[in-house]
Amino acid sequence: MTKLRLVVADDHPLVLAGMREMLEKDIRFEIIACVSSSTALIKAICAQAPDVVITDFSMPGDTRHGDGLRLINYLAAHFPNIKILVVTMQRNPLLTSLLYKAGAHGIVFKSDPPSTLKTALECIRLGRSFTHPSITANSINQQKNTADVALIAALSPKEIEVLRYFTEGQTLTDIAQNLKRSIKTISNQKRSAMRKLNISNDQELITFCTVHSIFN
């Protein structure tokens with residue numbers, strides 16, 4: 001049996017060590033690199049050419065390649081032959097939908113039992129994408145407020161990224177540096193998102209994102 005060659009990325013050493021220990025014991029998988037930043041991940045991919053990348057959704061602090069949707073878009077565009085499995089704490093249906101659209105082949109939540117990660121990898125090994133069993137149920141529950149769901153769905157991936165950083169407390173200058181865009185561009189994308197959400201001020205924006213658990 002040909003082993004699935006894996007590169008694992010997470011900025012939390014304990015999480016990284018835990019995934020490595022678990023997967024190394026399975027004869028179906030081979031860990032060829034463990035890294036803690038998106039830049040290190042890109043270097044490992046270029047050097048090792050893995051079959052699958054397992055990456056955390058949120059790895060802040062790396063301004064070169066970033067994290068979140070920006071990173072997944074980059075991986076899918078530059079390494080189309082490599083499968084992407086995203087591990088995340090965020091269970092929002094909109095974000096999971098955007099991750100699949102960006103090129104993810106599976107999503108596993110950090111609250112899942114370890115067996116879920118292995119199940120996802122086995123699906124990928126067999127040439128299939130992995131759809132988490134809770135995603136459909138969560139999507140149904142999210143329809144309780146159809147109007148707001150429609151508003152959220154109208155946001156672009158770039159606007160989602162800007163709102164994510166903003167609700168984490170970053171300034172527009174910080175966001176511009178993280179995403180390598182001009183402050184003017186970031187400001188325009190934030191205003192565009194607020195206009196789509198029918199929101200007039202920053203407090204309303206933060207409250208809306210919190211109430212609807214967009215980034216949780």
With sequence neighbours excluded, residues passing side-chain contact (heavy atoms from CB on, under 4.5 Å) with [X]:
| X | value |
| --- | --- |
| E21 | K25 |
| P13 | none |
| C123 | R128, F130 |
| I206 | F166, T210 |

Find out whether [X] and [Y] are in side-chain contact, i.e. whether some heavy atom of one side chain is under 4.5 Å from a heavy atom of the other.
| X | Y | answer |
| --- | --- | --- |
| V53 | I45 | yes |
| I42 | H65 | yes |
| L121 | R28 | no |
| L41 | L75 | yes |
| L197 | L163 | yes |
| D51 | I82 | no |
| Q170 | Y165 | yes |

Query raised in the report: What do the steps show when you test L179 against R70 for side-chain contact (heavy atoms from CB on, under 4.5 Å), and what is the final call?
Result: CA-CA 8 Å; L179 298 180; R70 176 185 171 194; 4.1 Å; yes
**Report entry** T185: side chain to side chain donor-acceptor pair (under 3.5 Å) partners, not counting sequence neighbours
**Finding:** S182
Query - S115: side chain to side chain donor-acceptor pair (under 3.5 Å) partners, not counting sequence neighbours - result: none
Report task. Not counting sequence neighbours, list each pair that qualifies as a salt bridge (charged side-chain N to carboxylate O under 4.0 Å, His left out) and has a residue in residues 100-114. Result -> D10-K110, D56-K110
Requested in this report: Quick one: which residue pairs count as a salt bridge (charged side-chain N to carboxylate O under 4.0 Å, His left out) with a foot in residues 180-203, not counting sequence neighbours?
Outcome: E159-K196, K190-D202
Requested in this report: Would you mind telling me which of L23, V86, V108 makes a side-chain contact (heavy atoms from CB on, under 4.5 Å) with I54?
Outcome: L23
Requested in this report: Decide, yes or no, whether a salt bridge links E161 with K158 under the criterion of side-chain N to carboxylate O below 4.0 Å.
Outcome: no
Query - Pair listing, side chain to side chain donor-acceptor pair (under 3.5 Å) test, anchored in residues 35-45, at least two apart - result: S38-D62, T39-D62
Query raised in the report: Tell me, which pairs form a side chain to side chain donor-acceptor pair (under 3.5 Å) where one or both residues lie in residues 73-88, sequence neighbours left out?
Result: none
Query raised in the report: OG of S187 to CD1 of I183: how many Å apart, nearest 0.5 Å?
Result: 9.0 Å
Requested in this report: List the steps and the verdict of side-chain contact (heavy atoms from CB on, under 4.5 Å) for I32 and L6.
Outcome: CA-CA 6 Å; I32 58 176; L6 312 175; 5.8 Å; no
Requested in this report: Go through the steps for V7 and T55 under the test side-chain contact (heavy atoms from CB on, under 4.5 Å), then give the verdict.
Outcome: CA-CA 8 Å; V7 168; T55 181; over 6 Å; no
Report summary line: salt bridge (Lys or Arg N to Asp or Glu O under 4.0 Å) filter on E168, not counting sequence neighbours, yields R164
**Report entry** Residues in salt bridge (Lys or Arg N to Asp or Glu O under 4.0 Å) contact with E24, at least two apart in sequence or another chain
**Finding:** R20
